[in-house]
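Note that the numbering runs from 1 along the sequence shown for the chain.
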Amino acid sequence: MRLRSLGDTGTKVGAIGLGCLVMSRPHEGTARDDGRSVRVVNEALDLGGNLLDTAGLHDAVHHETLLGKAIAGRREEAVVATTSGVVLDGPRPRAVRRDGSPAQLREAAEASLRRLDIDVIDLYHLHRIDPAVPLAETWGALAELVQQGKVRWLGLPGATVAQAREAHAIHPVTAVRSELSLWTRDALDGMVGWCESVGASFIASAPLGRGFLTGTLRAGGLRSGDLRTSDPRFHRTAMEANLAIVDVIREVADRRSVTPAQVAIAWILAQGEQVVPIPGTSNPRYLRENLAAAEVRLTEEDFADLRALPVPVGSGAEP
């Protein structure tokens, strides 16, 4: 696979990484299959998709323990990214709150190292910025983890350019991890360009629109309990309207003899050499399809059609 630089660290990662959260919370309506997930992680490493992204939140014990098991014996091949800054908030399912306090960050890092069964976290993202804690205090605590050798490099979540500059002045921002896709383009209004200007990577999460841009979902087809039902773009009437977006992507895919998912990923790769999408899957077929998107070349006609896509119904509403 084609390689891209991870910030200015000198480390190379595959142009497309692997999002591992879906392995614990499958979107596809199938039962969780840890054995298959371990095989998918190893196949990703075989194919060059060595940026493996998980998180220390929600079902953190399973998220990180599973990835640690998957990379056992192949640690040097993997670039492991995980997060901190969000904690469970009581007994309600999936209820979380932001916590950017230094004590929490230190505790979370130690817990992640144990669960992943590694000596150092390669890329440690702040999952969310806590408005109750000064960013300088939060970022300073993360910088101390780097100084202690527990973390190699630091990543910001979706933030403002002003926040990124503030953090970068304290300790280098190696990457910004935020949603970017054909139906979520906010990061193009400044943040992707800022990353390029300082030599940071932009890690594009949810590059397939949480599965919607693959063209495999139908309105009203999400099962009860699916996390996507909290996103207004996935409400039935919104999905019906947003299928017009998928229709255009499918037309482009047909012209190139590729899949809609590959078009969506290729479009992200074209936004700059500093951009690395991390589509999530626990399905070997989808993994191979996603990683093969690194070889897809879109034309000016394709880009024109994709630029003209409508703003998705439900966009901008808080999930």
Side-chain angles (χ1 to χ4, degrees), residues 19 21-22 24-30 53 55 57-59 63 83 85-90 92-98 125-131 156-160 163 176-192 202-252 260-261 263-265 267-268 271 277-281 286 305-319:
L21 291 182
V22 73
S24 295
R25 292 184 177 276
H27 279 332
E28 296 132 350
T30 57
D53 184 89
L57 77 161
H58 299 320
D59 295 335
H63 289 329
T83 69
V86 174
V87 298
L88 292 174
D89 188 20
R92 293 177 299 147
R94 299 191 297 273
V96 296
R97 61 179 172 82
R98 304 181 188 197
H125 292 286
L126 181 63
H127 195 81
R128 292 286 187 271
I129 293 175
D130 184 353
L156 266 179
T160 66
Q163 289 171 322
V176 171
R177 181 186 186 277
S178 187
E179 188 169 343
L180 175 63
S181 70
L182 279 167
W183 76 345
T184 308
R185 307 190 191 197
D186 310 57
L188 297 179
D189 296 330
M191 185 52 73
V192 170
F202 184 92
I203 309 300
S205 62
L208 300 178
R210 296 180 169 83
F212 186 80
L213 303 179
T214 65
T216 59
L217 299 181
R218 56 183 174 79
L222 298 182
R223 59 195 174 98
S224 176
D226 191 306
L227 284 171
R228 291 171 290 186
T229 58
S230 65
D231 187 327
R233 293 172 296 184
F234 285 94
H235 294 175
R236 186 185 186 103
T237 54
M239 285 184 73
E240 290 172 349
N242 290 333
L243 287 174
I245 295 173
V246 174
D247 290 341
V248 175
I249 296 172
R250 186 177 285 112
E251 289 174 8
V252 173
V263 168
I265 295 171
W267 177 86
I268 291 175
Q271 304 310 306
I278 48 169
T281 188
Y286 294 153
D305 288 347
L306 297 173
R307 278 194 298 269
L309 287 174
V311 175
V313 174
S315 179
E318 187 71 22

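We find that R250 and D247 are joined by a salt bridge, their nearest charged nitrogen and carboxylate oxygen being less than 4.0 Å apart. A salt bridge is absent between R233 and E240: the closest approach of a Lys/Arg side-chain nitrogen to an acidic carboxylate oxygen does not fall below 4.0 angstrom.
Closest approach of I268 to L180, counting heavy atoms only: CD1-O, 3.2 Å. Scanning all heavy atoms of the two residues, the minimum distance from P232 to A238 falls at O-CB, 3.3 Å. Nearest heavy-atom pair across R228 and L217 is NH1-CD1, 3.5 Å. Closest of all the heavy-atom pairs between S181 and A206 is CB-O, 3.6 Å. A pairwise comparison of heavy atoms in P260 and I249 identifies O-CG2, 3.6 Å as the closest pair. Across A187 and F202, no two heavy atoms sit closer than the pair CB-CZ, 3.4 Å.
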- Intermediate values then yes/no, side-chain contact (heavy atoms from CB on, under 4.5 Å), L182 and I245: CA-CA 9 Å; L182 279 167; I245 295 173; 5.5 Å; no

Could you walk me through whether E179 and S205 pass the side-chain hydrogen bond (donor to acceptor under 3.5 Å, both in side chains) test, one step at a time? CA-CA 5 Å; E179 188 169 343; S205 62; 5.5 Å; no

field: Test log, rule side-chain contact (heavy atoms from CB on, under 4.5 Å), inputs L309 and R185
entry: CA-CA 11 Å; L309 287 174; R185 307 190 191 197; 3.6 Å; yes

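Rounded to the nearest 0.5 angstrom, I129 CD1 and R98 CZ are separated by 8.0 Å. Atom OG of S315 and atom CG of D186 lie 6.5 Å apart (nearest 0.5 Å). Atom NE2 of H63 sits about 10.5 Å away from atom CG of D53, to the nearest 0.5 Å. The CH2 atom of W267 sits 8.0 Å away from the CG atom of L306 when rounded to the nearest 0.5 Å.
When only modelled atom types and interatomic distance are considered, T83 and H127 share a side-chain donor-acceptor pair under 3.5 Å.
No donor-acceptor pair closer than 3.5 Å links the side chain of N242 to the backbone N or O of P312.
Side-chain contact between V313 and T237 is absent, with no heavy-atom pair separated by less than 4.5 Å.
Under the 30°/60° scheme for interplanar angles, the aromatic rings of F234 and F212 are found to stand perpendicular.
Applying the salt bridge (charged side-chain N to carboxylate O under 4.0 Å, His left out) rule to R97 yields the partners D89, D99; only residues at least two apart in sequence or on another chain are considered.
Screening L156, L126, I278 against R177 for a side-chain contact (heavy atoms from CB on, under 4.5 Å) leaves a single residue, I278.
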